[in-house]
Colleague: 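The structure that follows is given in the form of structure tokens.
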Amino acid sequence: MSARIQVGETIPAQSVKENTPNADTPLVLTGKNIIVGVPGAFTGACHAQVPGYIKNYLNFQAKGVNKIYIVAVNDVFVTKAWKENLAPKGSAVSFIADDNAAFTKSLGLEFDASPFLGGPRSLRYVIVTEGDKVQSITVEADPSKTVDTAASAVLASL
Amino acid sequence: MSARIQVGGTIPAQSVKENAPDAATPLVLSGKNIIVGVPGAFTGTCHAQVPGYIENYEEFKAKGVNEIYIVSVNDVFVTKAWKENLAPKGSAVHFIADDNAAFTKSLGLDFDATPVLGGSRSLRYVIVTDGDKVQTITVEADPGKSIETAASAVLASL
């Protein structure tokens, strides 16, 4: 397990998937971006947390954010179905499938969710990047809650 | 990896999940039942194959089938969302979450789907049980296809 990434460090260029199961590339990180790690697609807290980012996309853009990436350790079919469920008319928010947890583990932000979900999953965190460097990182102490990682809290901090 | 289960073999009483992430119990197997293994919720072939079992549930019952279990290596939040997507008005067909792949592996019916889906997954198979014994087992040679494991083919064989 990698040590947890700190402010000032570089986001590893670990490939992930967004649109197809056999094409993976690293996240595009230029300027200011937000990476939101969530334990699982369709799980209660994630299902409640993510809409805030979809609804506030333009507000985030107005504060200089380029891309918002929702990252979960799920396969790409599940993340696409989840995005369609939360944003039936589409969204500029990217739903990222870290299907083998490699990206999440490279940040040191995974936890063992075997009892509930069957394997390693992402902690609930928000990273604000400046290019590919971590500008700020907030990790929920309890991954099943969304307090510091709610969209409204992150927006207010920008 | 367990050897692949054969006709006459006993389905291991390995716990799986259906409704909640923290309650795992073995499948209830009395009389005639059908277990349909699929590689992944929301994936193309599975998404096309499973409706046949939902639509033909009464026909299966008329042929003496008690329960139909759709089993995939996904967490219970994903399988519940998938069932809701395929059967918005509900269905007596069970969607089973083998989230850590233990049940699938106990049957020797797992394969390494890491490149496309991120980890171990179920082959595409259909088992007809007599109680907890395997009466017939059909495994698709290509998990990306559903030919012998289509509901119509299985129904015709009963």
Side-chain angles (χ1 to χ4, degrees), chain A residues 14-24 38-50 71-88 95-106 110-122 124 143-144, chain B residues 14-25 38-50 71-86 88 95-106 110-122 124 143-144:
Chain A
Q14 173 65 49
S15 289
V16 290
K17 299 174 184 177
E18 183 174 5
N19 290 314
T20 67
N22 42 23
D24 55 350
V38 296
F42 296 106
T43 65
C46 308
H47 214 57
Q49 171 197 19
V50 171
V71 181
V73 178
N74 286 109
D75 66 65
V76 70
F77 297 94
V78 168
T79 54
K80 287 175 82 173
W82 192 32
K83 177 170 181 171
E84 212 171 285
N85 182 282
L86 290 180
F95 281 63
I96 300 298
D98 182 23
D99 60 9
N100 58 8
F103 175 73
T104 300
K105 286 178 176 176
S106 77
E110 85 278 16
F111 77 108
D112 183 9
S114 294
F116 264 35
L117 299 171
R121 291 299 178 105
S122 172
R124 194 179 309 278
S144 69
Chain B
Q14 173 67 49
S15 290
V16 290
K17 299 175 186 176
E18 183 176 5
N19 292 313
D22 49 356
T25 56
V38 296
F42 295 107
T43 65
T45 311
C46 310
H47 214 58
Q49 172 197 16
V50 172
V71 182
S72 63
V73 179
N74 287 111
D75 65 65
V76 70
F77 297 94
V78 169
T79 54
K80 287 175 84 172
W82 193 33
K83 178 172 182 171
E84 214 170 282
N85 182 283
L86 290 180
F95 281 64
I96 299 298
D98 182 21
D99 60 9
N100 58 7
F103 176 73
T104 300
K105 287 178 176 176
S106 77
D110 55 301
F111 79 106
D112 183 9
T114 302
V116 176
L117 298 171
S120 303
R121 289 299 177 106
S122 172
R124 193 178 309 278

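All chains are named by letter (A, B, ...) in the order of the sequence lines, taking the proteins before the strands, and each is independently numbered beginning at 1.
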Colleague: My understanding is that only residues two or more places apart in sequence, or in another chain, count here; which of them pass side-chain contact (heavy atoms from CB on, under 4.5 Å) with B:S15?
Modeller: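 B:S15 satisfies side-chain contact (heavy atoms from CB on, under 4.5 Å) with B:A24, B:P26 once adjacent residues are dropped.
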Colleague: Identify which part of B:K17 has an atom lying under 4.5 Å from any heavy atom of chain A, answering side chain, backbone, both or neither.
Modeller: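 Side chain of B:K17 only, per the 4.5 Å heavy-atom cut-off to chain A.
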Colleague: Under the rule for salt bridge (Lys or Arg N to Asp or Glu O under 4.0 Å), what residues qualify as partners of A:D98, not counting sequence neighbours?
Modeller: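 With neighbours one apart ignored, the set is empty.
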Colleague: What parts of residues 71-78 of chain B touch chain A if we use heavy atoms and a cut-off under 4.5 Å?
Modeller: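 Within residues 71-78 of chain B, the residues that come under 4.5 Å of chain A (heavy atoms only) are B:N74, B:D75, B:F77, B:V78.
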Colleague: Sort out for me which of B:V116, B:N85, B:N100 touches chain A most, counting heavy-atom pairs under 4.5 Å.
Modeller: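 Highest number of pairs under 4.5 Å: B:V116.
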Colleague: Does atom CD of A:Q14 have more than 12 heavy-atom neighbours from other groups under 6.0 Å away?
Modeller: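 Correct, the count exceeds 12.
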Colleague: Measuring heavy-atom distances to chain B, does A:K17 have an atom under 4.5 Å in its side chain, in its backbone, in both, or in neither?
Modeller: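 Contact with chain B is through the side chain of A:K17 alone.
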Colleague: About how many Å separate CG of A:N22 and CG of B:L117, when rounded to the nearest 0.5 Å?
Modeller: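 Those atoms lie 10.5 Å apart.
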Colleague: Who pairs with A:D75 by salt bridge (Lys or Arg N to Asp or Glu O under 4.0 Å), at least two apart in sequence or on another chain?
Modeller: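 Once residues adjacent in sequence are excluded, the partners of A:D75 under the salt bridge (Lys or Arg N to Asp or Glu O under 4.0 Å) criterion are B:R121.
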